[in-house]
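All values derive from a computational prediction rather than experimental measurement. Note: hydrogens, waters and symmetry copies are ignored here, and every other heavy atom, side chains too, is used.
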Amino acid sequence: MNNLSKREKLLVIVGAILIILYPYYNLFLKPISQKIKIVNQSISDKKIEYNSIEKLKVSNVTNTKKVEGLKIKYDEAMKALPENERNPEISYSINTFATQNNISIVSVAFGQSANYSAISSTNNTSTATSNTTTNTKELDISIESSKPRLMFVPVTVSIGGDYLSTLNFINNIEGDSRLAEVVNISILSTQEQGKELQSSIVLNYYSTEGTNKNKPSYNIKDDNAGKTDLFK
């Protein structure tokens, strides 16, 4: 050992240190290093997962608002074009509008419900080309085959009231959430009744065809229910 130069002695010392450290590295440091890498990778994956969850929270809030908006639109559409005729609701809304406008209702008569068909709008035309006839037949077939079918029930309302109140009554019906079409209006004036007019209004209330499994239920509140005198 004494015959070695300083450089050789240094190399021997370094080699001895490496020989000692190599087993220590393989037995202790290397496994720990692998575990550290695994933990770091897990932390990185969790961070990515956390960020994705945070993004989902934001998107879920947005989607929830969209769903709420769609639900509101759906409810409005169901009010405009409900399933089943729901005649009690028609009578209730007519009576409500009459009360609001000081209109006296003489009678409300419901006709037989029927399928709506676009072909009825062309029957009043005396002449039509062959292309129009073909298109009408195709449209009629598509309507009959589509589900659910569009239905309407004719309603004839006889009322009494002054001219302005009658116009407001009709305007309320047309502006109602339930889809209604004013087909015909007849207004008569009698001298015995002064300014009061007798009017007959023919309406078509539209709906979709219901099923036996989905029978209508009504949530109509009557403020007079349970009172001794129903007229107070």
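For the pair Ile103 and Gly161, the tightest heavy-atom approach, listed with the atom from each and the gap, is CD1-CA, 3.9 Å. Closest non-hydrogen pair, Arg178 versus Arg86, comes out as NH1-O, 3.9 Å.
With a 4.5 Å cut-off on side-chain heavy atoms, Leu188 and Ser199 do not count as touching. Between Asn87 and Val153 the shortest side-chain heavy-atom distance falls below 4.5 Å. Looking at Pro154 and Phe110, their side chains never come closer than 4.5 Å, going by heavy atoms from C-beta outward.
Checking side-chain atoms of Ser93 against main-chain N and O of Ile90 turns up a donor-acceptor pair under 3.5 Å. Looking only at distances, no side-chain donor or acceptor of Ser42 sits under 3.5 Å from a matching main-chain atom of Ile38.
In terms of the side-chain hydrogen bond (donor to acceptor under 3.5 Å, both in side chains) criterion, residue partners of Ser113 (sequence neighbours excluded) are, by chain and number, Glu85. Annotation: side chain to side chain contact (heavy atoms under 4.5 Å, CB included) contacts of Ile36 (sequence neighbours excluded): Ile32, Asn40. With sequence neighbours left out, Thr96 forms a side chain to side chain contact (heavy atoms under 4.5 Å, CB included) with Tyr92, Gln100. Checked against side chain to side chain contact (heavy atoms under 4.5 Å, CB included), Asn115 has the following partners two or more places apart in sequence or in another chain: Arg149, Met151. The side-chain hydrogen bond (donor to acceptor under 3.5 Å, both in side chains) test applied to Asp45 returns Gln41, not counting sequence neighbours. By the side-chain hydrogen bond (donor to acceptor under 3.5 Å, both in side chains) test, Glu181 pairs with Tyr206, sequence neighbours left out. Not counting sequence neighbours, the partners of Ser177 by the side chain to side chain contact (heavy atoms under 4.5 Å, CB included) test are Lys79. Partners of Asn101 according to the side-chain hydrogen bond (donor to acceptor under 3.5 Å, both in side chains) rule, which considers only residues two or more places apart in sequence or in another chain, are Asn172.
Taken to the nearest 0.5 Å, the CD1 atom of Ile201 stands 7.0 Å off from the OG1 atom of Thr166. Expressed to the nearest 0.5 Å, how far OG of Ser189 lies from OH of Tyr163 amounts to 12.0 Å. Gln198 CD to Ser186 OG: the interatomic distance, rounded to the nearest 0.5 Å, is 12.0 Å. Here the OG atom belonging to Ser158 is positioned 10.0 Å from the CD1 atom belonging to Ile105, to the nearest 0.5 angstrom. Rounded to the nearest 0.5 angstrom, Glu174 CD and Leu179 CG are separated by 11.0 Å. For the atom pair OG (Ser207) and CG (Leu150), the distance works out to 7.5 Å, reported to the nearest 0.5 Å.
For the pairing with Val182, the side-chain contact (heavy atoms from CB on, under 4.5 Å) check across Leu203, Asn171, Asn204 returns one residue only, Leu203.
Tracing side-chain contacts under 4.5 Å through hydrophobic residues (I, L, V, M, F, W, Y), one never reaches Phe97 starting from Leu164; they form parts of separate clusters. Cluster annotation: Ile187 and Val157 are assigned to the same hydrophobic cluster (Ile/Leu/Val/Met/Phe/Trp/Tyr, side-chain heavy-atom contacts under 4.5 Å, transitive). At a threshold of 4.5 Å between side-chain heavy atoms, the hydrophobic network of Ile, Leu, Val, Met, Phe, Trp and Tyr places Ile170 and Val106 in two separate groups.
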Taking distance alone, no hydrogens or angles, what donor-acceptor pairs closer than 3.5 Å link side-chain atoms of residues 46-56 to residues at least two apart or in another chain?
{"unit_1": "Tyr50", "atom_1": "OH", "unit_2": "Glu54", "atom_2": "OE2", "d": "3.4"}
{"unit_1": "Asn51", "atom_1": "ND2", "unit_2": "Lys47", "atom_2": "O", "d": "3.2"}
{"unit_1": "Ser52", "atom_1": "OG", "unit_2": "Ile48", "atom_2": "O", "d": "3.3"}
{"unit_1": "Ser52", "atom_1": "OG", "unit_2": "Glu49", "atom_2": "O", "d": "2.6"}

Would you mind writing out the side-chain donor-acceptor pairs for residues 63-71 within the sub-3.5 Å range, not counting sequence neighbours?
{"unit_1": "Asn63", "atom_1": "ND2", "unit_2": "Ser59", "atom_2": "O", "d": "3.1"}
{"unit_1": "Thr64", "atom_1": "OG1", "unit_2": "Asn60", "atom_2": "O", "d": "2.6"}

From CA spacing to verdict: side chain to side chain contact (heavy atoms under 4.5 Å, CB included), Tyr205, Ile173: CA-CA 10 Å; Tyr205 277 86; Ile173 292 177; 3.7 Å; yes
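Val183 belongs to a hydrophobic cluster with Val202, counting contacts under 4.5 Å between side-chain heavy atoms of Ile, Leu, Val, Met, Phe, Trp and Tyr, direct or through other members.
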